[in-house]
**Student:** 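Sharing a structure below in structure tokens format, with a few things to ask.
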Amino acid sequence: MRIFDPHIHMSSRTTDDYEAMYAAGVRALVEPAFWLGQPRTSVGSYTDYFDALIGWERFRAAQFGIRHHCTIALNPKEANDPRCREVLDVLPRYLAKDGVVAVGEVGYDSMTKEEDEVFSRQLAMALEHDLPVLVHTPHRDKLEGTKRTLDVVREAGIAPERVVVDHLNEVTVKLVKDSGAWMGFSIYPDTKMDEHRMVEILRQYGLDNMIVNSAADWGRSDPLKTAKTGQAMLDGGFTEADVDKVLWQNPVEFYGQSGRLTLDPLPGFTGEAATFEGNSVLRGARK
């Protein structure tokens with residue numbers, strides 16, 4: 001089982017997580033820019049963070065055999081803070097960097113006028129830099145937030161196949177599928193979506209344009225939820241080829257639109273992914 005986790009916040013995780021992820025088959029990931037856990041108070045705190053995403057975190061992941069990519073944006077939660085607006089002026093220089101494979105996370109948190117403005121500006125940046133877009137849907141009033149998201153994307157003139165709308169559930173998946181955008185699902189221990197519900201969604205809506213991620217971050221989350229979803233798919237009658245499509249081919253196809261993915265094995269590591277035997281994960285091969 002080879003895994004590309006298309007949405008995981010490794011800056012909030014430990015090196016033990018990297019080791020466990022590699023053992024479970026994770027060979028590449030995307031880390032979207034997101035909030036710090038507390039309010040940022042200056043543009044400098046953003047630039048330091050962005051520098052870490054394109055530098056230190058990429059290096060740290062490589063020590064454990066995992067290719068690290070990121071997305072860059074002013075996230076929806078902080079779009080309402082006037083102290084953060086100036087970061088929009090520095091985003092273009094980061095969107096041109098190697099390893100930056102999309103604009104994101106953008107979208108809505110509380111669906112305010114300020115979020116509308118920041119969302120629209122960053123969609124325009126995505127068009128200017130020819131990058132795909134990772135969209136965050138709100139945790140509250142998700143249906144209306146998803147409808148509004150799709151309206152804004154259409155108004156921006158971005159092709160739907162260059163957009164993944166994330167944190168979906170059973171209520172919102174059909175809206176996004178009908179729009180032609182990619183469908184993203186965050187698999188969590190307690191909230192959002194679990195692996196068994198995900199299997200049923202895949203059974204109902206098919207495998208095309210489906211993106212499954214762990215979205216692991218500061219809170220209670222699990223960086224192995226992608227692997228556990230793959231196992232749930234196998235247990236539910238899906239084939240190994242089906243699992244490979246959802247956990248590897250789909251995210252590679254979506255983020256590959258950036259032209260910036262690097263997926264060859266890192267020096268000192270083989271290209272072989274881990275396998276599952278029952279509930280135990282076998283450690284990936286290393287030279």
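Note that the structure is a prediction, hence the values are computed from the model and not measured.
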**Student:** With a 4.5 Å cut-off on side-chain heavy atoms, are Ile211 and Asp166 touching?
**Tutor:**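 Sidechains of Ile211 and Asp166: no contact.
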
**Student:** Contact between Thr14 and Asp17 at the side-chain level, heavy atoms closer than 4.5 Å - yes or no?
**Tutor:** yes

**Student:** Would you give the length of the straight line joining atom CD of Glu128 to atom CG of Leu123, rounded to the nearest 0.5 angstrom?
**Tutor:**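 Between atom CD of Glu128 and atom CG of Leu123 there are 13.0 Å.
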
**Student:** Please report the C-alpha distance between Val246 and Phe238 in whole Å, then the side-chain angles of each, then the deciding distance to 0.1 Å, and finally whether the side-chain contact (heavy atoms from CB on, under 4.5 Å) criterion is met.
**Tutor:** CA-CA 11 Å; Val246 172; Phe238 286 95; over 6 Å; no

**Student:** Measure the CE-CG distance between Met183 and Leu168 for me, rounded to the nearest 0.5 Å.
**Tutor:** 8.0 Å

**Student:** Is it possible for you to say whether Val106 and Val153 belong to one hydrophobic cluster, with membership spreading through side-chain heavy-atom contacts below 4.5 Å?
**Tutor:** yes

**Student:** Step by step, work out the salt bridge (charged side-chain N to carboxylate O under 4.0 Å, His left out) result for Arg154 and Asp151.
**Tutor:** CA-CA 5 Å; Arg154 279 191 291 269; Asp151 286 342; 2.4 Å; yes

**Student:** Going through the distances and angles, do Asp109 and Glu78 end up as a side-chain contact (heavy atoms from CB on, under 4.5 Å)?
**Tutor:** CA-CA 9 Å; Asp109 180 54; Glu78 294 175 301; over 6 Å; no

**Student:** Looking at every heavy atom in both Pro92 and His129, which two are closest together, and how far apart are they?
**Tutor:**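 Between these two residues, the closest heavy atoms are O-CE1, 3.5 Å.
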
**Student:** Is there a donor-acceptor pair closer than 3.5 Å between any side-chain N or O of Glu105 and the backbone N or O of Phe34?
**Tutor:**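 Not at all, since once roles are kept as given, no pair shorter than 3.5 Å links the two residues.
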
**Student:** Output yes when a side-chain donor or acceptor of Arg2 lies under 3.5 Å from a complementary backbone atom of Asp244, and no otherwise.
**Tutor:**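 Answer holds: no.
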
**Student:** Rounded to the nearest 0.5 Å, what's the gap from OH on Tyr49 to CG on Leu36? Could you check?
**Tutor:**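 Nearest 0.5 Å value for the OH-CG distance: 8.5 Å.
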
**Student:** Would you kindly say whether Thr172 and Asn169 are connected by a side-chain donor-acceptor distance under 3.5 Å?
**Tutor:**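 Side-chain D/A pair, Thr172 to Asn169: present.
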
**Student:** Quick one: does Gln257's side chain have a donor or acceptor within less than 3.5 Å of a partner on Glu161's backbone?
**Tutor:** yes

**Student:** Kindly say whether Met111 contributes a backbone atom to a donor-acceptor pair with the side chain of Glu115 at under 3.5 angstrom?
**Tutor:** yes

**Student:** Under the criterion side-chain contact (heavy atoms from CB on, under 4.5 Å), I'd like the reasoning laid out for Ile54 against Arg58: C-alpha separation, chi angles, the key distance, then a yes or no.
**Tutor:** CA-CA 6 Å; Ile54 64 175; Arg58 193 175 183 183; 5.9 Å; no

**Student:** Hey, are the side chains of Leu74 and Cys84 touching, using non-hydrogen atoms and a 4.5 Å cut-off?
**Tutor:**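 Yes, their side chains come closer than 4.5 Å.
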
**Student:** Can any side-chain N or O of Arg162 pair as donor or acceptor with the backbone N or O of Asp130 at less than 3.5 Å?
**Tutor:**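 Judged by distance alone, yes, a pair lies under 3.5 Å.
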
**Student:** Between Val87 and Val90, is any pair of side-chain heavy atoms under 4.5 Å apart?
**Tutor:** yes

**Student:** Taking 4.0 angstrom as the limit, do Lys225 and Asp194 come out as a salt bridge?
**Tutor:** no

**Student:** For Tyr22 and Phe64, work out which heavy atoms get closest and say how close.
**Tutor:**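 So the minimum-distance heavy-atom pair works out to CD1-O, 3.1 Å.
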
**Student:** Looking at Ile3, is its backbone amide N or carbonyl O close enough to the side chain of Arg27 to form a donor-acceptor pair, meaning the two atoms are under 3.5 Å apart?
**Tutor:**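 No: the side chain of Arg27 does not pair with the backbone of Ile3.
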
**Student:** Is there a side-chain contact between Asp116 and Tyr108 in this structure, where contact means two heavy atoms from C-beta onward sitting under 4.5 Å apart?
**Tutor:**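 They are in side-chain contact.
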
**Student:** As a test of understanding, state which of Trp248, Phe4, Trp182 forms a ring pair (Phe, Tyr, Trp, His ring centres under 6.0 Å) with Phe254.
**Tutor:**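 Option passing the ring pair (Phe, Tyr, Trp, His ring centres under 6.0 Å) with Phe254: Trp182.
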
**Student:** Are any of the side-chain heavy atoms of Tyr94 and Leu53 separated by less than 4.5 Å?
**Tutor:**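 They are not in side-chain contact.
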
**Student:** What closest approach, in Å, do Lys142 and His167 show between heavy atoms, and which atom pair accounts for it?
**Tutor:**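 Shortest heavy-atom separation between Lys142 and His167 comes out as NZ-O, 2.9 Å.
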
**Student:** Distance check, rounded to the nearest 0.5 Å: Glu195 atom CD versus Gln231 atom CD?
**Tutor:**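 Rounded to the nearest 0.5 Å, the CD-CD separation comes to 10.5 Å.
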
**Student:** Looking at Ser186 and Ser214, would you say the former's side chain and the latter's main chain have a donor-acceptor pair under 3.5 Å?
**Tutor:**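 Flag not set: sc Ser186 to bb Ser214 has no pair under 3.5 Å.
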
**Student:** Name the orientation class of the two ring planes belonging to Trp56 and Phe59 (parallel below 30°, tilted from 30 to 60°, perpendicular beyond 60°).
**Tutor:**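 Tilted.
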
**Student:** Do the side chains of Glu57 and Cys70 get nearer than 4.5 Å, heavy atoms only?
**Tutor:** no

**Student:** What is the minimum heavy-atom distance between Pro189 and Arg220, and which atoms define it?
**Tutor:** CB-NH1, 3.2 Å

**Student:** Look only at the side chain of Tyr255 and the backbone of Pro6, and say whether a donor-acceptor pair between them is shorter than 3.5 Å.
**Tutor:**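 Indeed, once roles are kept as given, a pair shorter than 3.5 Å links the two residues.
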
**Student:** Salt bridge (charged side-chain N to carboxylate O under 4.0 Å, His left out) between Lys147 and Asp141: does it pass, once the steps are laid out?
**Tutor:** CA-CA 10 Å; Lys147 289 178 180 177; Asp141 203 3; over 6 Å; no

**Student:** Determine, for Tyr18 and Arg60, whether the Lys NZ or Arg CZ falls below 6.0 Å from the six-membered ring centre while staying within 45 degrees of the axis.
**Tutor:**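 Not flagged: Arg60 not positioned over aromatic ring of Tyr18.
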
**Student:** Could you work out, with side-chain contact (heavy atoms from CB on, under 4.5 Å) as the rule, every residue matching Arg260, not counting sequence neighbours?
**Tutor:**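 If we apply the side-chain contact (heavy atoms from CB on, under 4.5 Å) test to Arg260, skipping adjacent residues, the hits are Val100, Val101, Leu131, Ser258.
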
**Student:** Do Arg40 and Asp81 meet the salt-bridge criterion of a basic N to acidic O distance under 4.0 Å?
**Tutor:**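 Salt bridge flag = no for Arg40 with Asp81.
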
**Student:** Around Glu117, counting heavy atoms of other residues, nucleotides and ligands shown, do more than 12 lie under 6.0 Å from its CD?
**Tutor:**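 For Glu117, atom CD is crowded (more than 12 foreign heavy atoms under 6.0 Å).
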
**Student:** Mind checking whether Glu155 and Ser120 have side chains closer than 4.5 Å, heavy atoms only?
**Tutor:**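 No; the side chains remain at least 4.5 Å from each other.
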
**Student:** Take a 6.0 Å sphere around CD of Glu240 and say whether it holds more than 12 heavy atoms from other residues, nucleotides or ligands.
**Tutor:**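 Result for CD/Glu240: open.
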
**Student:** Does Asn250 reach the main-chain N or O of Glu253 with its side chain, forming a donor-acceptor pair under 3.5 Å?
**Tutor:**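 Checked: no pair found.
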
**Student:** Relative to each other, are the rings of His9 and His7 parallel, tilted or perpendicular (30° and 60° limits)?
**Tutor:** perpendicular

**Student:** Of all the heavy-atom pairs spanning Leu127 and Gly157, show the shortest one and how long it is.
**Tutor:** CD2-O, 4.2 Å

**Student:** When you measure from the side chain of Glu31 to the backbone N and O of Ser11, does any donor-acceptor pair fall under 3.5 Å?
**Tutor:** yes

**Student:** Taking Asp208 first and then Lys177, would you say they form a salt bridge - that is, a charged N and a carboxylate O separated by under 4.0 Å?
**Tutor:** no

**Student:** If hydrophobic clusters are built by linking Ile, Leu, Val, Met, Phe, Trp and Tyr wherever their side-chain heavy atoms come under 4.5 Å apart, do Val163 and Val173 end up in the same one?
**Tutor:** yes

**Student:** When rounded to the nearest 0.5 angstrom, what is the spacing between CG in Leu91 and CD in Gln122?
**Tutor:** 5.5 Å

**Student:** Are Ile158 and Val152 connected, step by step, through hydrophobic side chains (Ile, Leu, Val, Met, Phe, Trp, Tyr) whose heavy atoms are closer than 4.5 Å?
**Tutor:**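 Hydrophobic grouping puts Ile158 with Val152.
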
**Student:** How far apart are the closest heavy atoms of Ile201 and Met193, and which atoms are they?
**Tutor:**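 For Ile201 and Met193, the tightest heavy-atom pair comes out as CD1-CE, 3.6 Å.
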
**Student:** In sequence, state the C-alpha distance, the side-chain angles, and the governing distance for Met21 and Met10, and then conclude on side-chain contact (heavy atoms from CB on, under 4.5 Å).
**Tutor:** CA-CA 11 Å; Met21 290 162 62; Met10 292 308 299; 3.8 Å; yes

**Student:** For the atom pair CG (Asp217) and CH2 (Trp35), what is the distance rounded to the nearest 0.5 Å?
**Tutor:** 9.0 Å

**Student:** Please determine whether a side-chain nitrogen of the Lys or Arg among Asp51 and Lys97 lies less than 4.0 Å from a carboxylate oxygen of the Asp or Glu.
**Tutor:**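 No, this pair does not count.
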
**Student:** Applying salt bridge (charged side-chain N to carboxylate O under 4.0 Å, His left out), can you list everything that pairs with Glu170, at least two apart in sequence or on another chain?
**Tutor:** Arg197

